[in-house]
Structures are given as structure tokens and as C-alpha cells.
Amino acid sequence: MIDIKLIRENPELVKQGIRNKNEKDTLDELLKLDEERRVIITEVEELKAKRNQVSSKIPQMKKAGEDVSEVLVEMKQVSDHISSLDTKLKSIEEQLEKYLLFIPNMPHSSVPVGKSAEDNIEERQWLPAGFSFDKREKILDHIELGKKLGILDFERGAKVSGSGFPVYIDKGATLERALINFMLDYHINKHNYSEVFPPFLVNKDSMLGTGQLPKMADDMYYIEKDDLYTVPTAEVPITNLHRNEILDESELPKNYVGYSACFRREAGSYGKEAKGFLRVHQFNKVEMVKIVKPEDSYNELENIVNDAEDILKALEIPYRIILLCTGDLSFSAAKCYDIETWSPAENKWLEASSCSNFEDFQARRASIRFRRKSAKKPEFVHTLNGSGLATSRLMVSLLEHYQTIEGTIAVPEVLQKYTGFNLID
RNA sequence: GGAGAGGUGGCAGAGUGGUUGAAUGCGGCGGUCUUGAAAACCGUUGAGGAUUCACGUCCUCCGGGGGUUCGAAUCCCUCCCUCUCCGCCA
């Protein structure tokens, strides 16, 4: 959520931000409601002040033996007037809230203006020693490899749950588990994150807090009976750990890392992108979340990207860093880098991580604040998160990149102590 | 699933219709004392909103929502959550 004062005082700036993000501009309606709201508040508060004043005098009058019946009649009218204004006010505030929840975060000034993914900027590439983009002969894609080696089973996953629910078998399952543990350990031990093992079901307030709701409602699995949502990312439960809290300055920054299964309905996205691991309803992800002071957030964004990169360097998988343009930026983000890993079989880059600074957008929605030692008023924190990383896309690159000429998979060295084997055949 | 108890300020905990935004204690902050610290003592200490250049003034908030009343933390309805016991179960 952005600050309504910013909208009030600088509507043109906000309109520009909305346009650059390809979102719907409803500022005029919003501002009109805001104005109405304030007119009514002024009126109703005057009446309430009067009511409070008179009400406190009534016991004194009674004590003095005065007749209060006339006052009571008059006050009854005032009260009725108040409640009708309050009803009106409530309805306006609900509408206002609705508009406000659909206003996207403003892009940071360092984000290039652009319409779509084509306007994103490649910041840098990292390639393992001896790597070449030249396509080898007889290269298999991850689906063929998974089938041949008996480590992935998409058909049976479809039988058990539906399409987009892959099953890992034998060494495939072990490899997946090894990857998750490796990444968690790396961030905990080398990057000093605190480990969180979060719930996979969250309530509506949490989904609103991090900005998935209301806009992305159709992409979430929802359990009606209990009014709970499956998490689309560990970002949601972890960031919401501090919802409605005022933290002490000394507690910041908070650095969390956690694993969760991630569930996404991916409504309306069936098609060519959907094969194998490329688009699934359930996948595994290790997520980093930072809660920081505003002045530190852009520095921390670079840190989070570096932390995710370290994993890929350790795994020796080729990747590149993409700075998203305004048009490709998600609803809640102010700035975002994607990390894409190379798929030799697809002959293209795959998004395996997304690292974002939300500034105070989520903090406002979730009311996460902190108090500086010197100041009395609490301030909103800045929140960030980054995948470190998502295993599905990463697994595609890993399997394809580490396949041998015989069609077996060499296990990356850093994973071997987690898998207990060094070859999948 | 059954039975019961309870949700009040950073925490603990009073308060059952009328200056109660809320006693008291702890914690926090400031001060006195001290070479320094502790102890003791004194003072101070919630959030959001409207309005104002500002000082300030006013409104709202005692789990959420609704109701009764001139007036609700306090009474009524409803929902949610937490805890204890029993049952079931990984």
C-alpha cells in the first residue's frame, strides 16, 4: 500500500508510476472519496465532541436534582445523526480501502521505464570455467533425462494430483532434498540468516499483508472451509511473522531464510511454457527475507542478489542477472532483479530467482514498524525478499548442465555430501 | 469432535454502565544521589486519524463485527483466537 498522503499531495507522480507499471489508474475516483471522507469526519467529530461534553455533564445535573429529560431527547437526536454519518463514513472508507489496495507500489528511480520483459536490462552473466553456449549433440532435456533415469515422474504426478504436480523418485528425490538442505545451510552458515520453518497455510490478513491479495486471488489455492490459503512462497508467512509489530531499532536488520513448498494455480497459463518443470502448481523454494531500516534497503537488495548468486557459483551453473523494467515489475515491488539460469536443452535462460525491494509497501499493508532510539514516532520498515533459489527451474538447468555424454547425471561436488552419491545413472 | 476457562497498554494484572486512555507492578526513557555502577527516590512512558504554518484542539481504539443507552472496557448478540481437560490421531 502506498501512502495516501503521497497520492493527495503528488497525484501526477503516482499516476506516472501507475502508467509505467501498466496498472489501472483509479486515482481520480480515489481522491474524490478521500475528499468526501474528510468532510464527513470533520462533521461527525464535531458532533461526537458535543456528545461527549454533554454526556459527562448529565450525572452532575442529576446529582444536582435538575431535570435532564430535555437534554436526553436532544442528545438522542445527536446520537442518531452520528450513527447515520458513521455508517456513511464506513462505506466510504471501505471503498477507499479497496481502491488503495489496488494501487501498485511505485518503481524506484533507478528502474528503467519499459513496457515488457523485452525492455529488461541484463546486468551481468556468470559462466563456469570452460562453459560454452554451443549446443552439444545428443543433448536431452530434463523431461527426457528424468524419464530415462527414473528420477522424475510427471505422468504419475498427474494421476495423483493433476498436471503440474511433479513427483521425484529415487535419486531424483534425494537430489531435490539435497539441494534444499545445501541452500539452507549455505545461507544460514555463510550468510548469517536465521532459519525459519514456516506454516504452509496462511490466513487472509497475511496474504493482504505481503500484497498477494486482493489482486492475485485467482492464482492462490484457497481452502474455503477454514478460510486459509496455501502459500505461493515462504515470503508470505515469513514477512508476516512481524505483522502488527513495532520492532526496536536494535533488532534490525532481520535476516530470515526458510524453505516452503510453493503452490500456484497459474490460472490461464496452460500452454507451451507448461511442460515439465517449467510451470508447475507445486514446487520447492528456499526464500530469503529481510526486514531493514529504510536507508539500508537498496544496499540490502544487492546483498540478497549476491547471496543467491553464491549458490549458483557454488553449484557452477551459468546464470545472468536481469534488472526488471517498470512494466515487468510485480505489483508490490519497487525494484527487482531476476536471476536466470541457463537451460542447454531449451537453449534459453530460465527464471530461477526473483529478488525484490518492496520498500515500505508491504510494511504499510502489514503494519510492520520500528522505533528509532532517538525518535518517538514509529516508522515503517522496508521489506525485501529473494529466492535463494527455486528448485524446479534450477533443477532443469542442473540436470541438463550436468548430464554426461552417456546420459547420466554428475552430481555437483558441493551436493555430494548431501546426496551420498556422485552419479545418477 | 466433546467439556470448561480466558482474550485489557511492551509485559504482568485491576477494573462490571458516567472525567477510565484506563489503578498497580515490572520493563523502557530522563533526572537526583555515586569516582563509576547498582540500589533508592523523583519524573516520564501506547497507537491511529481530522484540523493547524506552528503551539494546540478534537475524534477513535480495552480480540473482530453488530446491538442496547444521553453515555459501554463494563450489558446483549455473533464471529475469531488462545489455554486446560477428555476423545481421536501423524
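Basis for what follows: all heavy atoms, side chains included, without hydrogens, waters or symmetry-related copies. As the structure is a prediction and not an experimental result, all values here were calculated from the model. Protein chains get the first letters and strands the later ones, always in sequence-line order, with residue 1 at the start of each.
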Sugar-phosphate, base or nothing in reach of A:S56, heavy atoms under 4.0 Å: nothing

P atom, B:rG9 versus B:rA73: distance in rounded Å? 14 Å

Under a 4.0 Å heavy-atom criterion, RNA chain B is touched by chain A from B:rG18 to B:rG71

Whether the A:N52 and A:S55 side chains hold a donor-acceptor pair (N or O, under 3.5 Å, no angle test) is what I'd like checked. no

Tell me what A:K377 touches on the nucleic acid: a base, only sugar-phosphate, or nothing, going by heavy atoms under 4.0 Å. sugar-phosphate

Looking for any heavy atom pair under 4.0 Å, which part of the strands does A:K57 touch: base, sugar-phosphate only, or nothing? nothing

Using the C1' atom in both, what is the distance from B:rU34 to B:rC26, to the nearest Å? 25 Å

If you assign A:R371 and A:M75 each to the RNA chain B nucleotide with the nearest heavy atom, which residue ends up on the more 5' nucleotide? A:R371

When you check the side-chain N and O atoms of A:Q16 and A:R19, is any donor under 3.5 Å from an acceptor? yes

Interatomic distance at P, B:rG64 relative to B:rC80, whole Å: 15 Å

Determine the interatomic distance between C1' on B:rU32 and the same-named atom on B:rG18; round to the nearest Å. 41 Å

Expressed as a whole number of Å, how far does the C1' atom of B:rG13 sit from that of B:rU19? 23 Å

Starting at the 5' end of RNA chain B, which residue's closest nucleotide do you reach first, A:R38 or A:L72? A:R38

From the list A:F154, A:F263, A:F165, ring pair (Phe, Tyr, Trp, His ring centres under 6.0 Å) partner of A:H281 resolves to A:F165

Give the ring-plane orientation class for A:F197 versus A:F200, where under 30° counts as parallel, over 60° as perpendicular and anything between as tilted. parallel

Are A:E235 and A:N385 close enough that a side-chain donor and a side-chain acceptor fall under 3.5 Å? yes

Suppose we call two aromatic rings close when their centres sit under 6.0 Å apart. Are A:Y256 and A:H187 close by that rule? no

Determine, for A:K171 against A:E176, whether the closest basic-nitrogen to carboxylate-oxygen distance falls under 4.0 angstrom. no

So what does the secondary structure string of RNA chain B come out as, 5' to 3', with Watson-Crick or wobble pairs under 3.5 angstrom, [ ] for crossing and | for pairs with another strand? ((((((((.[[[..)..(.....]]]((((((.......))))))((((((....)))))).[[[[[..)....]]]]])))))))....

Between B:rG87 and B:rG48, how far apart are the two P atoms, rounded to whole Å? 48 Å

Determine the interatomic distance between C1' on B:rG46 and the same-named atom on B:rA22; round to the nearest Å. 11 Å

Provide the distance between the two P atoms, one in B:rG31 and one in B:rA38, to the nearest whole Å. 12 Å

Would you check if the distance from the ring center of A:H108 to the ring center of A:Y298 is below 6.0 Å? yes

Indicate, with a heavy-atom threshold strictly under 4.0 Å, whether A:R8 touches base, sugar-phosphate, or nothing. sugar-phosphate

Is the distance between the ring centroids of A:Y193 and A:Y186 under 6.0 Å? no

